[in-house]
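A short write-up of the structure that comes next.
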Amino acid sequence: MLIHPWDAPADDSEWRDWLSAHDFGQLAVNGPDSEPPFVQPTHFLYDPAPGAHGEVLLHLARPNPLWPALAANPRVTLSVVDDYAFIPGPWHAPLDEPTDRGTPTSFYAAVQLLGVASVLDDPGQKAELLRRQVAHFQPGGGTAPVVPGQEPFGRMLPGLRGIRLDITEVRAKFKFGGNKPAAVQRRVTGLLAERAAPHDAAARAHQLRRLAARDTHADD
């Protein structure tokens, strides 16, 4: 993923805060030689505490075809993308030039977590992983606990496998027109508010936040 300086996060807190609210991505596992990768959409739980970059916990069905590839090469990438919006060319035109000279572009936030995956097959470890995931996704409760050998879910544990991803590198990008003059960016934020298409509010919030941070640094 190409990351220009103006699209890079200001610090780790920017991507960590964003990731804390985004817990669905695509796990990419290297395929055999000359074969394409396996790409698995999945919910996941990000824990920022372990190591320098944190860890990810998720589970997949045992019949999933990616397991042999993961065993052959446990280095994987978890990709998360959201808050995307198409920006029409006229929106990005310089203020003193005809609007047809503006370049259409895309806005989006993306975080790629690179790391080494460990497979969890121990029933106790899988039950604990599931308990943590349910607590994250369903904090209000309402689902019976997962206990190995006990109903209603203990009998289902053999049908899945857990994955712990120890994150070794993070690639984060917040592409929201940071290379454009502030006046052009503010015009775009207004037009996003007017259009109000899906994701426009989130893209606008990113642009306003990063604009404010740039203005603060300019005053330092």
Could you report the tightest heavy-atom contact between [X] and [Y], atom names first, then the distance?
{"X": "A110", "Y": "V81", "value": "CB-CG2, 4.0 Å"}
{"X": "L58", "Y": "H43", "value": "CB-O, 3.7 Å"}
{"X": "G115", "Y": "L165", "value": "C-CD1, 3.4 Å"}
{"X": "A117", "Y": "V76", "value": "CB-CG2, 4.2 Å"}
{"X": "E14", "Y": "P9", "value": "OE1-CA, 3.1 Å"}

In Å, rounded to the nearest 0.5 Å, how long is the span from [atom1] of [X] to [atom2] of [Y]?
{"X": "E169", "Y": "L113", "atom1": "CD", "atom2": "CG", "value": "10.5 Å"}
{"X": "F86", "Y": "W91", "atom1": "CZ", "atom2": "CH2", "value": "9.5 Å"}
{"X": "R186", "Y": "K180", "atom1": "CZ", "atom2": "NZ", "value": "16.0 Å"}

4.5 Å side-chain heavy-atom contact, L130 and F153: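 No, every pair of side-chain atoms sits at 4.5 Å or beyond.
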
Under 4.5 Å between any side-chain heavy atoms of Y108 and K173, yes or no?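 With C-beta onward as the side chain, the pair touches.
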
Test your reading of the model: is there a side-chain donor-acceptor pair from [X] to the backbone of [Y], 3.5 Å cut-off?
{"X": "H92", "Y": "P88", "value": "no"}
{"X": "T105", "Y": "I87", "value": "no"}
{"X": "Q185", "Y": "G177", "value": "yes"}
{"X": "Q207", "Y": "F176", "value": "yes"}
{"X": "R164", "Y": "L57", "value": "no"}

Enumerate the salt bridge (Lys or Arg N to Asp or Glu O under 4.0 Å) contacts for residues 67-78, please, sequence neighbours excluded, ordered by first and then second residue.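 Checked against salt bridge (Lys or Arg N to Asp or Glu O under 4.0 Å) - neighbours excluded - no pair reaches residues 67-78.
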
Within a 6.0 Å radius of atom CE on M1, are there more than 12 heavy atoms belonging to other residues, nucleotides or ligands?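 Yes, because the 6.0 Å sphere around CE of M1 holds more than 12 heavy atoms from other groups.
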
Atom CZ of residue position F38 - does it have more than 12 heavy atoms of other residues, nucleotides or ligands inside 6.0 Å?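 Counting neighbours around CZ of F38, more than 12 heavy atoms of other residues, nucleotides or ligands fall under 6.0 Å, so yes.
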
In chain order, what residues pass the side-chain hydrogen bond (donor to acceptor under 3.5 Å, both in side chains) check against [X], with sequence neighbours excluded?
{"X": "D17", "value": "none"}
{"X": "E194", "value": "none"}
{"X": "D23", "value": "H136"}
{"X": "R16", "value": "Y46"}

Tell me which pairs pass side-chain hydrogen bond (donor to acceptor under 3.5 Å, both in side chains) where either residue lies in residues 117-128, with sequence neighbours left out.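 Output for this query lists R62-D121, D121-R161, E128-R131.
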
Common cluster, V170/W18, ILVMFWY with side-chain heavy-atom separation under 4.5 Å: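 Result: yes, single cluster for both.
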
